[in-house]
There are 2 protein chains.
Amino acid sequence: MTDRKFANTLARGLSVLRAFRVSDDGLTHAKIIERTGLSPATITRLTYTLKELGFLSQTGNLLRLGPAALALASVSNASTSFVDLADGAMQELATRTRTMALMAVRDGASMTLVRTWRPKGVASIWLEPGNRVPILRSSTGQAFLAGLNDGRFEAMSPDETSRGQRSEGQTQLSTLGFTFVRGSARYSKTVQAVARPFYASDLGEPVVFACGAMPDMLSDARILEEVGPALRDVVRDLEFKTGRPRGLDHVN
Amino acid sequence: MTDRKFANTLARGLSVLRAFRVSDDGLTHAKIIERTGLSPATITRLTYTLKELGFLSQTGNLLRLGPAALALASVSNASTSFVDLADGAMQELATRTRTMALMAVRDGASMTLVRTWRPKGVASIWLEPGNRVPILRSSTGQAFLAGLNDGRFEAMSPDETSRGQRSEGQTQLSTLGFTFVRGSARYSKTVQAVARPFYASDLGEPVVFACGAMPDMLSDARILEEVGPALRDVVRDLEFKTGRPRGLDHVN
DNA sequence: AAACGAATTTCGCATAGTGAAATGGGAGGA
DNA sequence: TCCTCCCATTTCACTATGCGAAATTCGTTT
């Protein structure tokens with residue numbers, strides 16, 4: 001790494017924080033080492049620092065996110081008000097379509113779930129905030145790529161696959177108003193999803209709203225006729241409420 | 001600073017993130033420099049790094065918390081479920097007592113508000129998540145100190161004032177079940193508050209629930225007879241729901 | 001006791017991060 | 001168009017900082 005501007009220690013420390021998932025009930029050093037690929041000595045130093053600052057707290061030798069993380073979280077949440085705005089409609093959408101609804105942001109080469117809404121009264125697949133989905137070959141990722149403006153997309157130095165997926169997504173968006181990866185091309189055999197990007201001006205990058213379910217619950221026909229249009233309408237309404245965002249002119 | 005274990009760059013980077021408040025509509029470098037006391041060159045490097053990682057996003061030369069912060073926030077929030085558990089009761093408490101209810105965590109020498117509940121249908125003082133209140137001479141701070149166990153308290157290398165405030169708080173907690181700083185000793189002439197610590201086992205440190213209002217709306221008598229007891233009962237109920245926490249045995 | 005696994009400390013070294021100062025760039029005025 | 005501020009950014013030389021391999025400590029299991 002020969003980027004004089006890039007603060008390595010900071011990046012490593014943050015990668016420690018990002019190693020935590022909702023489903024973890026505390027992490028040991030060993031687990032953090034595994035997830036971050038950093039050396040034991042480094043982890044000790046970084047976790048020591050993060051504990052001092054209140055970003056981590058320790059019980060025995062289990063680490064959890066600490067009070068400072070919570071404080072940051074509250075500011076971050078309150079500053080991105082559209083999430084709360086979307087809450088009611090997304091819950092309703094999940095229940096009505098019997099799918100898991102979700103909101104995701106990009107994190108490196110994955111999309112990280114930020115919020116999920118479970119349909120009331122039905123069993124469904126269930127992922128939690130902090131879970132990740134690859135960008136490549138997922139509907140959520142495709143929506144993200146399609147929503148990204150040219151400059152930012154090129155900045156990712158994308159390969160041919162990404163380019164293909166992006167333009168496929170853009171075509172679907174302009175004709176249908178939502179995007180999905182068809183069965184054979186999907187990264188996962190067990191989840192099928194529809195997605196639509198939302199350009200959050202606060203964040204400088206699109207986020208993605210999506211609905212997912214097991215493939216036998218969510219046929220291509222159901223996506224095209226029911227779930228896709230419903231999702232599209234919910235997100236369009238959100239765009240309307242927050243003011244039509246610039247940067248997504250090609251979206252229907 | 002001669003602590004070989006402490007990663008300075010990480011701490012500085014995090015102090016940049018902590019500089020953001022809900023009420024800020026984006027920060028310039030200049031503002032961040034002012035708040036953190038770091039040099040311009042350092043800020044450029046750190047913000048560059050944070051942008052690369054998605055923790056900040058930039059519009060013009062205004063910086064905001066970015067998608068990665070949101071992702072971290074969602075994990076952090078979901079991992080501290082007691083906040084959601086408390087939500088309904090705190091909202092109700094705010095409305096019933098016509099005070100602003102709040103939850104705060106420690107951040108250095110201050111308490112940072114994490115969540116606030118505004119009474120429905122009445123005007124009241126209003127602070128937002130991310131706002132800070134000093135530990136010294138505030139009811140919220142006093143509750144925190146009183147809730148802190150001896151080891152952690154000593155680790156703060158407290159002065160005599162803090163010790164006094166802590167034992168005052170502890171006395172109030174064991175007799176009344178809540179704590180407040182009386183008029184003359186308060187840090188602020190414009191806010192009066194009652195508080196009670198809650199020992200969040202997830203966080204390894206107490207958090208504080210409190211009710212605040214302008215002094216003429218919240219006399220000592222009202223605190224003692226109405227608001228204090230109501231707050232105490234709400235937090236006790238939360239303790240019950242989450243399992244009686246260890247570490248607060250002296251609290252009534 | 002012994003033998004493991006995990007976390008922490010030590011330590012010499014390369015370099016990453018630092019701040020002062022110089023440079024660049026954009027908005028506003030004349 | 002050309003100044004002039006005001007920020008943000010880059011440059012640069014220095015050294016404190018953060019690095020990892022290896023040694024050590026701490027706890028748990030056999």
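Residue numbering restarts at 1 for every chain, and letters A, B, ... go by the order of the sequence lines. Remember, predicted model here, so these are calculated numbers, not experimental data.
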- Task: For A:A41, report the nucleic acid contact type (base, sugar-phosphate, nothing); a contact means any heavy atom under 4.0 Å.
- Result: base
- Tell me, yes or no, whether the heavy-atom count around A:K31 atom NZ, taken from other residues, nucleotides or ligands under 6.0 Å, exceeds 12. no
- When we call it a touch if two heavy atoms are under 4.0 Å apart, what does B:T44 touch: a base, just sugar-phosphate, or nothing? base
- Message: Rounded to whole Å, please give me the gap between CD1 in A:I33 and P in D:dG20.
- Response: 11 Å
- Message: Between the base of C:dG17 and the side chain of A:R4, is there a donor and acceptor pair under 3.5 angstrom?
- Response: yes
- Note on the structure: Which of D:dG20, D:dA8, C:dA7 is nearest the side chain of B:N61? It is D:dA8
- Message: Applying a 4.0 Å non-hydrogen cut-off, can you work out what B:T9 is touching in the nucleic acid: base, sugar-phosphate, or nothing?
- Response: sugar-phosphate
- Under 3.5 Å, is there a donor-acceptor pair linking the side chains of B:S76 and B:S79? no
- Task: Dump the intermediate steps for salt bridge (charged side-chain N to carboxylate O under 4.0 Å, His left out) on A:R163 and A:D159, then the final yes or no.
- Result: CA-CA 6 Å; A:R163 288 180 194 282; A:D159 58 12; over 6 Å; no
- If you check the A:P40 side chain, which of C:dG17, C:dT8, D:dA8 turns out closest? C:dT8
- Item | Spacing of A:N8 atom CG relative to C:dT18 atom C1', expressed in whole Å | 15 Å
- Item | Whole angstrom value for the distance that separates P of D:dG18 from CG of A:L38 | 14 Å
- Can we say A:R152 and A:E205 salt-bridge, meaning some charged N sits less than 4.0 Å from an Asp/Glu carboxylate O? yes
- Taken to the nearest whole Å, CZ/B:F6 to C1'/D:dA16 is 15 Å
- Message: Taking A:R64 first and then A:D24, would you say they form a salt bridge - that is, a charged N and a carboxylate O separated by under 4.0 Å?
- Response: no
- Task: Can you tell me the distance, in whole Å, between the CG atom of B:L50 and the P atom of D:dA8?
- Result: 16 Å
- Query: Hey, which of these two, A:T42 or B:I43, hits DNA chain D nearer its 5' end, going by closest nucleotide?
  - Reply: B:I43
- With sugar-phosphate meaning primed atoms plus P, OP1 and OP2, does B:R45 contact a base, only sugar-phosphate, or nothing at under 4.0 Å between heavy atoms? base
- Message: Would you say A:R12 places a side-chain N or O within less than 4.0 Å of OP1 or OP2 belonging to C:dG17?
- Response: no
- Atom CD of A:E34 to atom P of C:dA7: distance rounded to whole Å? 12 Å
- To the nearest angstrom, how far is B:K5 atom NZ from C:dC11 atom P? 15 Å
- Query: In whole angstroms, how far is the C1' atom of C:dA16 from the OH atom of B:Y48?
  - Reply: 15 Å
- Task: Using heavy atoms to find the nearest nucleotide of DNA chain C for B:L46 and A:T47 separately, return the residue whose nucleotide is more 5′.
- Result: A:T47
